Peer 1: 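This is the structure I want to talk about, given as structure tokens.
Just so it is clear, the structure is predicted and the values come from calculations on it, not from any experiment. In the text below, chain A, chain B and the rest are named by the order of the sequence lines, each starting its count at 1.
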Amino acid sequence: MPELPEVEVVRRGLSTWVSGRTFDAVDVAHPRAVRRHGAGPADFAGRLAGRRAESAERRGKYLWLPLDSGDALVGHLGMSGQLLVQPAQAPDETHLRVRFTFTDGGRQLRFVDQRTFGGLAVEPMLADGVPASVAHIARDPLDPQFDDTAFAVALRRRRTGIKRALLDQTLISGVGNIYADEALWRSRLHYARATETMTKPAAALLLAQVRAVMSQALAQGGTSFDALYVNVNGESGYFDRSLDAYGQVGEPCARCGTPIRREAFMNRSSFFCPRCQPRPRAPRL
DNA sequence: CTATGAACCTGACAGC
DNA sequence: TGCTGTCAGGTTCATA
């Protein structure tokens with residue numbers, strides 16, 4: 001679900017409402033939510049109790065709270081995960097997986113996840129400032145240290161389609177199905193455009209569109225089609241009203257009026273304008 | 001290295 | 001009403 005803008009909305013909420021507080025009790029209601037924590041739920045809870053969250057960080061779609069122990073509480077929301085800040089008396093959510101209380105007795109942090117593709121773990125921080133499970137992820141396009149030139153070079157070395165490359169979190173992180181389709185629409189690129197034909201200027205233009213659509217979405221609180229994608233206070237963003245391609249099958253293209261088409265791709269969907277984004281002569285999937 | 005499909009889950013929705 | 005099939009913002013692993 002959530003892609004970079006939605007995860008960043010959550011990070012900001014954690015920074016405001018959780019950073020600086022000390023964990024007290026941690027109740028794991030569904031062990032699957034901490035399956036990436038190899039030592040099990042009890043160890044997970046034990047490594048958090050009494051530890052202070054120093055800040056809230058993000059790379060791509062991964063979130064983490066560095067702790068005063070040198071570890072970090074790492075989370076990925078998967079398709080349906082939410083991190084909510086709730087009063088203690090708020091009724092339990094149907095899909096409440098982990099509840100965190102704090103020594104200050106204030107609002108709880110709750111990990112709620114319908115489909116349980118998301119997960120939490122406590123891991124050591126590595127020397128380069130990220131937790132172990134985040135080390136294989138590339139920097140994201142909103143990271144000041146993202147290397148545009150290196151991205152263009154790496155992209156050209158690939159032998160695949162442009163959308164597949166955008167979704168590869170080891171090449172560029174934070175881009176998911178929505179923002180890939182939106183950035184490609186803005187760039188007038190078909191999803192099967194061969195990466196080896198992407199010149200340096202073309203890569204720069206695409207990157208600029210990725211950043212533009214993500215920044216605009218972030219300014220509107222992210223994209224929510226339903227109550228699944230919300231900030232820590234349960235509020236939805238409204239960038240869905242600004243989508244030009246994703247989910248717009250049959251709707252007229254905002255540029256040329258041609259109906260937006262949907263095609264199956266990578267076990268999911270691609271939405272594009274068949275006129276503005278014509279299929280290349282030598283497509284790559 | 002690249003591509004494909006399946007797996008991991010629950011729920012909403014369309015159609016019969 | 002209820003059943004079946006399809007689809008959903010993601011990641012990972014096994015197989016060609």
Peer 1: Tell me which nucleotide among B/dT4, B/dT10, C/dA8 gets nearest to the side chain of A/Gln114.
Peer 2: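 The nucleotide sitting nearest to the side chain is B/dT10.
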Peer 1: Which nucleotide in the list B/dA3, C/dG10, B/dT10 gets nearest to the side chain of A/Arg164?
Peer 2: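 Nearest to the side-chain atoms of A/Arg164, counting from C-beta on, is B/dA3.
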Peer 1: Between A/His30 and A/Arg159, which is nearer to the 5' end of DNA chain B once each is assigned its nearest nucleotide?
Peer 2: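 It is A/Arg159, whose closest nucleotide lies nearer the 5' terminus.
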Peer 1: Looking at A/Tyr246, is its backbone amide N or carbonyl O close enough to the side chain of A/Gln248 to form a donor-acceptor pair, meaning the two atoms are under 3.5 Å apart?
Peer 2: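 The answer is yes, because a donor-acceptor pair under 3.5 Å joins these two groups.
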Peer 1: B/dT4, B/dA6, C/dT11: which one has an atom nearest the side-chain heavy atoms of A/Asn267?
Peer 2: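 When the side chain of A/Asn267 is considered, B/dA6 is the closest of B/dT4, B/dA6, C/dT11.
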Peer 1: Of the nucleotides B/dA3, B/dT2, C/dG10, which has the atom closest to the A/Thr160 side chain?
Peer 2: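 That would be B/dA3.
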Peer 1: Heavy atoms from C-beta onward define the side chain here; which of B/dC9, C/dT12, C/dG10 lies closest to that of A/His76?
Peer 2: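 The nucleotide sitting nearest to the side chain is C/dG10.
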Peer 1: Less than 3.5 Å apart, any donor N or O on the side chain of A/Ser133 or A/Glu123 sitting next to an acceptor on the other?
Peer 2: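 A donor-acceptor contact under 3.5 Å links the two side chains.
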Peer 1: Within this structure, what is the CE-to-C1' distance between A/Met266 and B/dT2, rounded to whole angstrom?
Peer 2: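 The distance from CE of A/Met266 to C1' of B/dT2 comes to 11 Å, rounded to the nearest Å.
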Peer 1: Nearest to the side chain of A/Arg158, which nucleotide is it out of B/dT2, B/dC9, C/dA8?
Peer 2: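 Closest of the options to the side chain of A/Arg158: B/dT2.
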Peer 1: What is the distance from CD of A/Gln169 to C1' of C/dG10, rounded to the nearest Å?
Peer 2: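 Result: 8 Å.
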Peer 1: Kindly indicate, with the supporting measurements, whether the criterion side chain to side chain donor-acceptor pair (under 3.5 Å) is fulfilled by A/Ser80 and A/Asp113.
Peer 2: CA-CA 5 Å; A/Ser80 56; A/Asp113 190 6; 2.6 Å; yes
Peer 1: For C/dT11, does OP1 or OP2 lie under 4.0 Å from any side-chain N or O of A/His136?
Peer 2: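 Looking at the OP1 and OP2 atoms of C/dT11, neither is under 4.0 Å from any side-chain N or O of A/His136.
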Peer 1: State plainly whether the residues A/Arg255 and A/Asp244 are in salt-bridge range, i.e. N to O under 4.0 Å.
Peer 2: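 Looking at A/Arg255 and A/Asp244, the cut-off is not met.
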Peer 1: Decide whether A/Tyr62 and A/Ser173 meet the rule of one side-chain donor and one side-chain acceptor closer than 3.5 Å.
Peer 2: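 Their side chains do not contain a donor-acceptor pair, so the 3.5 Å distance test is not met.
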Peer 1: Whole-Å distance between C/dA8 C1' and A/Glu3 CD?
Peer 2: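 So the CD-C1' distance, A/Glu3 to C/dA8, works out to 12 Å.
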Peer 1: Just checking A/Phe265: base, sugar-phosphate only, or nothing, at a heavy-atom cut-off of under 4.0 Å?
Peer 2: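 Nothing: the residue A/Phe265, judged by heavy atoms under 4.0 Å, touches no strand.
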Peer 1: Between C/dC3 and B/dC8, how far is it from one P atom to the other, in whole Å?
Peer 2: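 About 24 Å, rounded to a whole number of Å.
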Peer 1: Donor-acceptor pair, A/Thr22 side chain versus A/Gly50 backbone, under 3.5 Å?
Peer 2: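 Absent.
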Peer 1: When the C1' atoms of B/dA3 and C/dA8 are compared, how many Å lie between them, rounded to an integer?
Peer 2: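 Rounded to whole Å, the distance is 23 Å.
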Peer 1: Using whole Å, report how far OH of A/Tyr246 lies from P of C/dC7.
Peer 2: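 Atom-to-atom, A/Tyr246 to C/dC7, this comes out as 12 Å.
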Peer 1: With A/Gln86 as reference, evaluate A/Arg99, A/Arg107, A/Arg110, A/Glu93 under the side-chain hydrogen bond (donor to acceptor under 3.5 Å, both in side chains) test and give the passing residue.
Peer 2: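 In the set A/Arg99, A/Arg107, A/Arg110, A/Glu93, the residue that makes a side-chain hydrogen bond (donor to acceptor under 3.5 Å, both in side chains) with A/Gln86 is A/Glu93.
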Peer 1: Counting only side-chain heavy atoms from C-beta out, which of C/dG10, B/dC9, C/dT11 sits nearest to A/Asn177?
Peer 2: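 Output: C/dG10.
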Peer 1: Relative to each other, are the rings of A/Phe146 and A/Phe151 parallel, tilted or perpendicular (30° and 60° limits)?
Peer 2: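 Ring orientation, 0 to 90° scale: tilted.
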Peer 1: Report the distance from atom CZ of A/Arg115 to atom P of B/dA7, rounded to the nearest whole Å.
Peer 2: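 Going from CZ in A/Arg115 over to P in B/dA7 covers 15 Å.
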Peer 1: Counting side-chain heavy atoms from CB outward, which of B/dC9, C/dC7, B/dT2 is closest to A/Phe117?
Peer 2: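 The listed nucleotide nearest to A/Phe117's side chain is B/dC9.
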Peer 1: Using a strict threshold of under 4.0 Å (side-chain N to carboxylate O), is an ion pair present between A/Arg186 and A/Glu182?
Peer 2: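 No, A/Glu182 and A/Arg186 are not salt-bridged.
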Peer 1: Go through C/dA8, C/dT11, B/dC9 for me and flag the one nearest to the A/Arg32 side chain.
Peer 2: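 Nearest to the side chain of A/Arg32 among the choices is B/dC9.
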Peer 1: May I ask you to evaluate whether A/Ser269 reaches the phosphate of C/dA8, defined as a side-chain N or O under 4.0 Å from OP1 or OP2?
Peer 2: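 Yes, such a contact exists.
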Peer 1: Taking only Watson-Crick and G-U wobble pairs with both distances under 3.5 Å, what dot-bracket line describes DNA chain B, where [ ] shows pairs that cross earlier ones and | shows pairs with another strand?
Peer 2: .|||||||.|||||||
Peer 1: Using the side-chain heavy atoms of A/Arg268, tell me which of these nucleotides is nearest: C/dT11, B/dC9, B/dT2.
Peer 2: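 Looking only at side-chain atoms, A/Arg268 lies closest to C/dT11.
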Peer 1: Would you call the rings of A/His37 and A/Phe44 parallel, tilted or perpendicular, where under 30° means parallel and over 60° means perpendicular?
Peer 2: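 Answer is perpendicular, since the angle exceeds 60°.
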Peer 1: Under 3.5 Å between N/O atoms: give me all the protein pairs with nucleotides 4-6 of chain C, atom names plus distance.
Peer 2:
none

Peer 1: Quickly work out the A/Leu285 CG to B/dT2 P distance and round it to whole Å.
Peer 2: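 That distance rounds to 14 Å.
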Peer 1: In whole angstrom, what separates A/Arg36's CZ from B/dC9's C1'?
Peer 2: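 Distance check: A/Arg36 CZ to B/dC9 C1' gives 14 Å.
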Peer 1: For residues A/Asp181 and A/Leu243, determine if any side-chain heavy atom of one lies less than 4.5 Å from a side-chain heavy atom of the other.
Peer 2: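 Heavy-atom side-chain distance check fails, nothing below 4.5 Å.
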Peer 1: Measuring only the P atom in each nucleotide, how far is C/dG2 from B/dC9? A whole number of Å is fine.
Peer 2: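 That atom pair is separated by 27 Å.
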Peer 1: For A/Leu166 and C/dT11, give me the distance from atom CG to atom P, rounded to whole Å.
Peer 2: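 Those two atoms, CG and P, are 13 Å apart.
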